[in-house]
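Read through the structure below, which is laid out as structure tokens, and then see the notes.
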Amino acid sequence: MKRRSYHRYRYNRYYKLYQKINALQKKRLADYTMQKMTECVLFLVLGICLLFLYQMLVFPRINLEGNRVVEVEYQGKYTEPGYASSYFGKNLSLMVEVEGEVDTSKVGEYPITYQVTYHGFSTTKTRIVKVVDSSYPKITFTTDAKKLYLCPDSKYLYDDYQAFDNYDGDITDKVKVTESGGRLKYVVSDTFGNKTVVKRDVLYKDILGPTIELDSGDVVTLSIGDTFMDSTYQVSDNCDSNVKVEVHGDVDTSKAGIYERVYTATDSSSNTTEKVQKVMVFEPSKQGVIYLTFDDGPRSGTTDIILNILKEENVKATFFVTNSGPDDLIQRAYNEGHAIGLHTASHDYSVVYASSDSYFNDLDQVYQRVKNLTGEESKIIRFPGGSSNTVSRKYSPGIMSFLTQEVVRRGYRYYDWNIDSRDAEGGKFDADQIADFVTSKLSHDKVNMVLMHDTKVTTTQAIRKIIQYGKSHGYLFDKIGPYTDMVMQHVNN
Ligand code: ZN
């Protein structure tokens, strides 16, 4: 072996050794790093665990119900969604202190903090309440919201809408209106960008009829022989001033009855309005005649006695019946030639004078009873207490003023009285006194409309005396007919 190759051999051997040692050292360094890193992670996990455990062991817990961020409408109502607190099963909810207030009258964010302290350790949680305005402005119209009818050849005046927002208030002046293709578009936004769009059809067409008011009212009352004159009238139209009025219907003032005069107003777009005037032609009032009228019946034991006496004396009278008493007495009175009038079904002031609807509903019940029993559609009525009563004011101020007009408008005639027998005043007077009250008031110069009650025993005792007095003093007796002139007292309510 040459020296040179020996050196090489030696060098190679050291070099390989060096390489071996070097590899070993690298591996050791890697292992060491790995080991340290694992330790580090372990410590970290252990630390977190300890921290968690520490927290669990030491701090009380708070659980918030509902969301951590809650939205409430502007000017709405914020209701606490609820919370609970505990420490190892011990309920601490009552110890939670809640701080923060929500003012829903101001848009904004409001933090609410929940804090509980137990054995010196506190836990705090926060909820955010956002007061927001998410309501849309409202556009309202004084005319139809879906369709707007304008007069032909007219211009829209932009005066029939309003916009209101819960936050901004009246924002009518912020509404932008555009018209295209027969449609109007209204757009408005509030401060928070809530935008409302309303679309509406616009038609240039007159669809409204004219209005017509008759100067002499909807009902005219006349006596046979009077002259009927057509009413003057006031007429107007939304679109044109050229309105035609035609009048139809015959009135024969030589015959008692109810006639209709129809006033028809027509505008240039052929819209029509009709007004019907009732013309009632009454028989002339019969001076000196006695109308005996009996209210509140029928009643067994009194009405039948009165019917017997009327039959014996051959006198016809008028019975203003209610829904009380036996049916056969109404039928008997009708069959024996007496007039059946309507006094209301219940005769209960609190019912009949509660309202106009209530009155007519009650009246209709007695109307139906009489119709069923007699076949007659009675149109003669007497108000409980008379038209001058003031009791009704307690239930409906002004109702008599309305009803006295309305009953006539509906084709009824009402009859008050001008002689009161005072037989209904709680048995204060005996038969002779009652007869005296009547006979002392009789007159040949007036219609004698006598108020009595066929429900009273004293009346059954007084009636023959009254009839005999009347007969011996030249009076005639009659019943109220369908066109007997109305006898009316002064209305006080
Ligand atoms: Zn009565």
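Order of listing sets the numbers, starting from 1, for every ligand and every atom in it. Residue indices begin at 1 and follow the sequence shown.
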- prompt: Can you say whether the rings of His347 and His343 are parallel (under 30°), tilted (30 to 60°) or perpendicular (over 60°)?
  reply: perpendicular

field: His444 and Tyr475 aromatic ring geometry - parallel, tilted or perpendicular at 30°/60° bounds
entry: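 Taking His444 first and then Tyr475, their aromatic rings lie parallel (interplane angle under 30°).
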
message: So, at under 2.8 Å, which protein N, O or S atoms would a careful student list around the Zn ion (ligand 1)?
response: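 For the Zn ion (ligand 1), the protein N, O and S atoms that sit under 2.8 Å away are Asp296 OD1, His343 NE2, His347 NE2.
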
field: Electrostatic pair Lys130-Glu71, nearest N-O below 4.0 angstrom
entry: no

task: Assess Arg382 against Tyr415: is NZ or CZ under 6.0 Å from the centre of the six-membered ring, and within 45 degrees of the ring's axis?
output: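 Checked: cation-pi criterion not met.
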
task: Decide side chain to side chain donor-acceptor pair (under 3.5 Å) for Glu376 and Tyr334; before the verdict, give the C-alpha distance in whole Å, the side-chain angles of both, and the deciding distance to 0.1 Å.
output: CA-CA 9 Å; Glu376 188 126 321; Tyr334 180 74; 2.7 Å; yes

Glu260 side-chain N/O to Val279 backbone N/O, donor-acceptor pair under 3.5 Å: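 Not a single qualifying donor-acceptor pair exists.
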
